[in-house]
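These figures come from a predicted structure and were not determined experimentally.
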Amino acid sequence: QVQLVESGGGLAQAGGSLILSCAVSGRAFSTYPMGWFRQAPGKEREFVAAISWSGGKTNYADSVKDRFTISRHNAKNTVYLQMNSLKPEDTAVYYCAAARQIYSDYAGGSQGVYDYWGQGTQVTVSS
């Protein structure tokens, strides 16, 4: 059973930074593509960033490109989301997800591809 636990959310001021972490149980983590998604109040969940199993391929939503960075440490079973230059519109619950595609270079934003999801962590950005 794969379990994902996000942490690092909280309150930040506009222009500030936060780092989200997602700890993943299970030895297969290092072989799975991983993604971050977010859901703002009253809106649908949307893609934020994704990373291939090796970390060699990354992908970002246009709204966060050049501000957010996704990375992974396979030995620690953890994926990260470094968020810089935060904006009030980044306020949302952030979810990490894992795709059960062993050794795949997939780094896309299709939610249906991801098989496992965390419970989410709240990020609030004040103006």
Side-chain angles (χ1 to χ4, degrees):
Q1 183 72 14
V2 176
Q3 293 185 323
L4 292 75
V5 179
E6 301 95 338
S7 61
L11 179 65
Q13 291 188 331
S17 299
L18 284 173
I19 302 175
L20 303 184
S21 299
C22 175
V24 184
S25 65
R27 291 179 294 176
F29 162 78
S30 62
T31 68
Y32 292 165
M34 299 291 298
W36 283 97
F37 296 80
R38 67 186 182 186
Q39 186 168 20
K43 295 187 177 181
E44 293 186 351
R45 188 165 59 188
E46 64 177 5
F47 169 71
V48 175
I51 188 166
S52 62
W53 77 274
S54 66
K57 185 175 180 180
T58 58
N59 187 26
Y60 298 91
D62 288 343
S63 60
V64 306
K65 201 170 291 184
D66 299 326
R67 298 189 298 122
F68 290 9
T69 303
I70 188 171
S71 61
R72 64 190 297 160
H73 195 307
N74 284 347
K76 293 184 177 180
N77 275 23
T78 304
V79 63
Y80 304 96
L81 186 68
Q82 172 73 51
M83 305 186 296
N84 298 328
S85 302
L86 284 164
K87 303 176 180 180
E89 51 263 43
D90 294 320
T91 295
V93 177
Y94 283 71
Y95 300 90
C96 69
R100 196 173 56 212
Q101 298 184 6
I102 297 175
Y103 299 125
S104 169
D105 282 334
Y106 181 79
S110 177
Q111 296 189 43
V113 172
Y114 293 87
D115 301 285
Y116 306 104
W117 293 82
Q119 293 299 307
T121 185
Q122 176 71 46
V123 171
T124 303
V125 183
S126 62
S127 57

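To the nearest 0.5 angstrom, Ser127 atom OG is 14.0 Å from Lys87 atom NZ. Taking CG of Asn59 as the start and OH of Tyr106 as the end, the distance is 8.0 Å to the nearest 0.5 Å. The OG atom of Ser126 sits 5.0 Å away from the CD atom of Gln13 when rounded to the nearest 0.5 Å. Taking CG of Leu20 as the reference point, atom CZ of Phe68 lies at 8.0 Å (rounded to 0.5 Å). We find the NZ-OG distance between Lys76 and Ser30 to be 15.5 Å, quoted to the nearest 0.5 Å. Atom-to-atom distance recorded for Tyr60:OH and Trp36:CH2 is 12.5 Å, nearest 0.5 angstrom.
A donor-acceptor pair under 3.5 Å is formed between the side chain of Glu6 and the backbone N or O of Gly120. For the pair Asn74 (side chain) and Ser54 (backbone), a donor-acceptor distance under 3.5 Å is absent. A distance-only check finds a donor-acceptor pair linking the side chain of Thr91 to the backbone of Val125 [under 3.5 Å]. Judged by distance alone, the side chain of Asn77 and the main-chain N or O of Val24 form a donor-acceptor pair under 3.5 Å.
With sequence neighbours excluded, the residues forming a ring-ring contact (aromatic ring centres under 6.0 Å, His included) with Phe47 are Phe37, listed by chain and number. Contacts of Trp53 classified as ring-ring contact (aromatic ring centres under 6.0 Å, His included), with partners at least two apart in sequence or in another chain: Tyr103.
No path of Ile, Leu, Val, Met, Phe, Trp and Tyr side chains, each step under 4.5 Å between heavy atoms, connects Tyr32 with Tyr114, placing them in separate hydrophobic clusters. In this structure, Val5 is not a member of the same hydrophobic cluster as Leu81, with clusters built from ILVMFWY side-chain heavy atoms closer than 4.5 Å.
In this structure, the side chains of Tyr95 and Gln39 come closer than 4.5 Å at one or more pairs of heavy atoms. A heavy-atom distance below 4.5 Å is not found between the side chains of Ser25 and Gln1. Residues Arg100 and Val2 have side chains not in contact (no heavy-atom distance under 4.5 Å, counting atoms from C-beta outward). Two residues are said to be in side-chain contact when any heavy atoms from C-beta on lie closer than 4.5 Å; Met83 and Val123 meet this criterion. Trp117 places a side-chain heavy atom less than 4.5 Å from the side chain of Arg45. Put simply, the side chain of Met34 reaches to within 4.5 Å of the side chain of Leu4, judged on heavy atoms. Under the 4.5 Å side-chain criterion, counting only non-hydrogen atoms from C-beta, Ile70 is not in contact with Tyr80.
A pairwise comparison of heavy atoms in Ser52 and Ala107 identifies N-CB, 3.9 Å as the closest pair. Scanning both residues, Ala50 and Gly108, for their nearest heavy atoms gives CB-O, 3.5 Å.
Remark: Lys65 engages Asp62 in a salt bridge, criterion side-chain N to carboxylate O under 4.0 Å.
A cation-pi arrangement is found for Arg72 relative to Phe29, the charged atom lying closer than 6.0 Å to the ring centre and inside a 45° cone about the ring normal.
In the displayed structure, Glu89 atom CD is contacted under 6.0 Å by more than 12 heavy atoms of other residues, nucleotides or ligands.
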